[in-house]
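Everything below concerns the one structure shown next.
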There are 2 protein chains.
Amino acid sequence: MHALIREAEALCLRTGVTFTPPRRRVLELLAASKIPMKAYDLISQAGADGHPFKPPTVYRALEFLCQLGLVHRIEQDATFVACCHSGHTQPVALFVCNSCLKVTEVAYPNVAKVLENAAQAQGFQVESIVVEGRGQCAPCAQAA
Amino acid sequence: MHALIREAEALCLRTGVTFTPPRRRVLELLAASKIPMKAYDLISQAGADGHPFKPPTVYRALEFLCQLGLVHRIEQDATFVACCHSGHTQPVALFVCNSCLKVTEVAYPNVAKVLENAAQAQGFQVESIVVEGRGQCAPCAQAA
DNA sequence: CATTAGCATGTTATAAGATAACATAACAGG
DNA sequence: CCTGTTATGTTATCTTATAACATGCTAATG
Ligand SMILES: [Zn+2]
Ligand SMILES: [Zn+2]
Ligand SMILES: [Zn+2]
Ligand SMILES: [Zn+2]
């Protein structure tokens, strides 16, 4: 069993929420994928073994997993990727490789504060930030 | 005529691209709106005066305007907003107010470098970054 | 004045992404 | 057993975006 699944089970136990079959199935598929997946890839693949999931089921599972920080949604292309750390709620930047599509998660401890201050300087009270990027991951950059 | 339209005309002249009727119309609508608009709002409003624009026309215009930096796409909710500066290609963070939906643009001159370095520390070669946020704009934060 | 190349729009159809609304089930607490 | 809560199943639909191909518009070439 993938480590992330155990993470999820433990996390759900701790927080008193339930790790149901669709939630598990969706997380399994994402954990098995090395790259972000589209919602409808999940919908079709989840049903490959005979139990088809319909869109609402998968979207609900995705929302649940994103809230727990086990999955991240990449806004730029509406894809979803399993978190490569233990589930975190702290913000991270997601950098997607233009060549292999793999995601590199980058924490930005101080930067977030600086951004918030820059916004604050214009009177804007920040509640949430999304940082995404594109480029070349380490292996692909070296290969080039 | 809105200042942004004059900006656009001048910019297009300088760069040798053409500021066509659909492009103008879409920019006019965005410039007139105080808040971001959805593509299909533009599609229906653009045709309110008798000349209906179909989706491809509007999406093409949006792509054009975004490339010129006259319009920004907000990835989180697939909306489009006229740039409040003179058209810039430099990256800015877009902060959307949760109350009034207005956008505050925040330049992050140094932060971008720090982010790139943080990614570089993991071997990731950054090519582009998107920063978006949510919160309360200055007037709404004061009112609260 | 054709001819043609480039660019932009028009048009039709459809793909891709997401949710509303309501029915059903599973289960714990009283 | 009844009831409230949570989650899923189901149907239909809405929203966002693009593919593919036809047409028109302008400007350079000869
Ligand atoms: Zn993560
Ligand atoms: Zn790569
Ligand atoms: Zn701008
Ligand atoms: Zn506001």
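Side chains are part of it too, since the values below use all heavy atoms of this structure and drop only hydrogens, waters and symmetry mates. Note on naming: letters A, B, ... go to the chains in the order of the sequence lines (proteins, then strands), and numbering restarts at 1 for each one.
- The shortest distance between the side-chain N/O atoms of B:T57 and the OP1/OP2 oxygens of C:dT9 is not below 4.0 Å.
- In this structure, B:P22 reaches the sugar-phosphate backbone alone: every heavy-atom distance under 4.0 Å involves primed, P, OP1 or OP2 atoms, never a base.
- For D:dA7, one of the phosphate oxygens OP1 or OP2 lies less than 4.0 angstrom from a side-chain nitrogen or oxygen of A:T18.
- Applying the 4.0 Å criterion to OP1 and OP2 of D:dT6, one finds that A:T20 has every side-chain N and O outside that range.
- Taking side-chain N and O atoms only, A:K54 has no distance below 4.0 Å to OP1 or OP2 of D:dT8.
- Closest-nucleotide positions on DNA chain D for A:F64 and A:P55 were compared, and the one nearer the 5' end corresponds to A:F64.
- In this structure, B:D41 atom CG and D:dT15 atom C1' are separated by 11 Å, rounded to whole Å.
- Salt-bridge check for A:K113 with A:E116: passed, with a basic side-chain N closer than 4.0 Å to an acidic carboxylate O.
- Between A:F53 and A:V26, the closest side-chain pair of non-hydrogen atoms is not below 4.5 Å.
- The separation between A:D77 atom CG and C:dA15 atom C1' is 17 Å, rounded to whole Å.
- Residues A:H51 and A:Y40 each lie close to DNA chain D; by heavy-atom proximity, the contact nearer the 5' end of the strand is made by A:H51.
- Between the CZ atom of A:F19 and the C1' atom of C:dC27 there is a distance of 19 Å, given to the nearest Å.
- Between the side chain of A:E105 and the backbone N or O of A:C84 there is at least one donor-acceptor pair closer than 3.5 Å.
- To the nearest angstrom, P of C:dA18 lies 9 Å from CD1 of A:I43.
- Picking from C:dG10, C:dA18, D:dG9 the nucleotide with the shortest atom distance to the side chain of B:F53 gives C:dG10.
- A straight line from CD of B:E63 to P of C:dT9 spans 11 Å, rounded to a whole angstrom.
- In this structure, the side chains of A:I74 and A:V103 come closer than 4.5 Å at one or more pairs of heavy atoms.
- In this structure, A:R23 reaches the sugar-phosphate backbone alone: every heavy-atom distance under 4.0 Å involves primed, P, OP1 or OP2 atoms, never a base.
- Close to C:dA18, at under 4.0 Å from its OP1 or OP2, lies a side-chain N or O of A:R73.
- Between A:Q67 atom CD and D:dA7 atom P there is a gap of 11 Å when expressed in whole angstrom units.
- The NZ-P distance, from A:K38 to C:dG17, rounds to 5 Å in whole Å.
- With rounding to whole Å, A:Y59 atom OH is found 19 Å from D:dT11 atom P.
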